[in-house]
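These notes concern the structure reproduced below.
Chain naming here is simple, since letters A, B, ... match the order of the sequence lines and numbering starts at 1 in each.
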Amino acid sequence: MAWNFSEKKETRAGFGEGLLEVGKENPNVVALCADLTESLKMDAFAKAFPERFFQVGIAEANMMGIAAGLTIGGKIPFTGTFANFSTGRVYDQIRQSIAYSGKNVKICASHAGLTLGEDGATHQILEDIGLMKMLPGMTVINTCDFNQTKNAVKAIVNHIGPVYLRFGRPAVPNFTDPNAPFIIGKALHLTEGEDVSIFATGHLVYKALQAYEILKDEGISAEVINIHTIKPLDTEAILKSVSKTGCVVTAEEHNKFGGMGESIAGYLSTVYPVPQEFVAVNDQFGESGKPDELMKKYHLDVPDIVEAAKRAILRKKGGRNNC
Amino acid sequence: MKNYTIEELKVLSTQIRRDIIRMVFNAQSGHPGGSLGCVEVLVALYFKIMKHQPQPFNMDGIGEDLFFLSNGHITPVYYSVLARSGYFPISELHTFRKINSRLQGHPATHEHLPGIRIASGSLGQGMSVAIGAALAKKLNKDDRTVFSLHGDGELQEGQIWEATMFAAGKKVDNYIAIIDYNNKQIDGNVEDVMPLGNLKLKFEAFGWKVVENPDGNQLEKVIEKLNECLNLSRKQQPVVLINKTEMGYGVDFMMGTHKWHGKAPNEEQTKLALNQLPETPFGDF
């Protein structure tokens, strides 16, 4: 398998390594953190470039404003805090001072989704993709593993404009090619298939590959595509795959409202309507628990993708979805 | 830019007040009260205090003093001052708040109006932005100063105090904040809506140097006090000017009330206002 992995690593650690690298390469890179330097793995950057690292304390709104201001003078600010505090808490600051003002700020958000685990729903934001994708001009990226997160950091530093980069807390299989260039807005084909297209993002990408194996054993050929960039969406890749398979599963660690699945449904409904099944949180808040337990309880696990694929295929053949 | 005398700048201030009234009348919307009250401070900054380059406008402003308007609703005075500084044609003031204009109701970079470096309007954000720009100047070894203007009512926003804490804690000393201290906000007197208490002591307790100006509508005084702020800057502390002004200054029936915060005069009121602001050699837009 092309997606074998030798170790599990945190996506946030990929962010930290990527940030250090772009910091070494580009003297205009600056970083800001709201009292979560170790959690965000920004300590290496802070140590290497103390004059370019700004500890703002527990004041996320101020952090977003300062980041916007730092761009005036040519800096490329990377802000770091949990996804909840990177978006919901500071929506108006991002909207006015960054997005509407067209500022070159990279909003880097860790601990997104249910896999944050035991801290519970206060911290498990499942609405952030929706919030960010609704802002005109905002690029929205959700990476799937350590390597991809690191490569995404190296890509967004060269993109002029605001970016929301979403990643997570736990160690997960590190399976993507460390040397694969990250191209914003270009989806990655992971498997070729005929029966169903599975579009996955973030931590659900590896689970989609596990589902692919199970489906293959049952004689179902699934095309798994990694939608690491939710905005701008790679509509060409999506249409090409769906034209072949005729049905869709979308899989994401996010509310079904406002997520990647909704973006794909919105696009396909205008050009090529096909049956689509959503593997996403069903308009709920999360709760405390271990990441794996939560993913299972909220139906974001491998069997959920397998079942969704079968339902999509059934509907394609004219069957009805009784779920 | 031409080096105007104080007397010339006072005449220019009258012209800018005419612009404010005419812009708001033309659009039949906008914020005349706070705009009239802030004429002197903006004239002092753009025509005496700041080193800045209207053309070609450069977003990064390297080597320039920068100004950020945090109480974004006073666009009439801001746009008039920018136009008369040479950032864009004075005739463009005709388009204020109209469809397809670069002169949006609140300041925006989106339409690329020269002179604007950040959107504002949702209050409380400009101090953070100004601090970021001041930090960029330090990183760039750029020795110029960053200024920002805030309404006093705006100080009720929590983000202001996050920024206040940061500026002092991190010694952002190439930065001067100005408070338009007119004791007026939409719902009435600031002291009635949500009292600010002793503002001087508050800023001092946060670690700022405070300069007070009881005569914020006297141009010489404003220039003198801004120079005092500059002398206090670059000494490990941020500086704030508490600039006491009168909302609606220059038009008698707009003074002493919050009623003209965001209301356009009708034709008769406009005539009455302009009668108090005689035409000047600078000419109307």
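Judged by distance alone, the side chain of B:Gln159 and the main-chain N or O of A:Ala61 form a donor-acceptor pair under 3.5 Å.
B:Ser29 and B:Arg97 are linked by a side-chain donor-acceptor pair at a separation below 3.5 angstrom, with hydrogens and angles left out of the test. Counting only N and O atoms by type, the side chains of B:Tyr175 and B:Ser148 include a donor and acceptor under 3.5 Å apart. With 3.5 Å as the limit, one finds a donor-acceptor pair spanning the side chains of B:Tyr87 and B:His52.
Of the residues considered (B:Asn140, B:Ile62, B:Ile131), B:Asn140 shows the highest number of contacts with chain A, using heavy-atom pairs under 4.5 Å. In terms of heavy-atom pairs under 4.5 Å with chain A, the best-connected choice from B:Val129, B:Asp142, B:Val146 is B:Val129. Options B:Gly126, B:Ala130, B:Gly121, B:Ser120 differ in how many heavy-atom pairs under 4.5 Å they form with chain A, and the most are formed by B:Ser120. Your options are A:Gly102, A:Gly137, A:Ser97, and the one with the most heavy-atom pairs under 4.5 Å with chain B is A:Ser97. Between chain B and the options A:Ala59, A:Gly69, A:Ala68, heavy-atom pairs under 4.5 Å are most frequent for A:Gly69.
If you run side-chain hydrogen bond (donor to acceptor under 3.5 Å, both in side chains) between B:Arg102 and each of B:Glu111, B:Glu92, B:His110, B:His112, only B:Glu92 comes through.
Salt bridge A:Lys41/A:Glu17: absent, no basic N to carboxylate O contact under 4.0 Å. Ion pairing between B:Asp173 and B:Lys209 fails under the 4.0 Å rule for side-chain N and carboxylate O.
B:Ser128 touches chain A through backbone and side chain together, each having a heavy atom under 4.5 Å away. Heavy atoms of B:Glu64 lying under 4.5 Å from chain A are absent altogether. Looking at B:Ala163, the atoms closer than 4.5 Å to chain A (heavy atoms on both sides) sit in the backbone and in the side chain alike. With a 4.5 angstrom heavy-atom cutoff, B:Ile160 does not touch chain A via any of its atoms. Contacts of A:Glu60 with chain B are made by backbone atoms alone, with heavy-atom separations under 4.5 Å and no side-chain atom involved. Looking at B:Lys170, the atoms closer than 4.5 Å to chain A (heavy atoms on both sides) all sit in the side chain, from C-beta outward.
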Side chain to side chain donor-acceptor pair (under 3.5 Å), that's the test. Do B:Thr75 and B:His73 meet it? Break it down for me. CA-CA 5 Å; B:Thr75 39; B:His73 53 276; over 6 Å; no
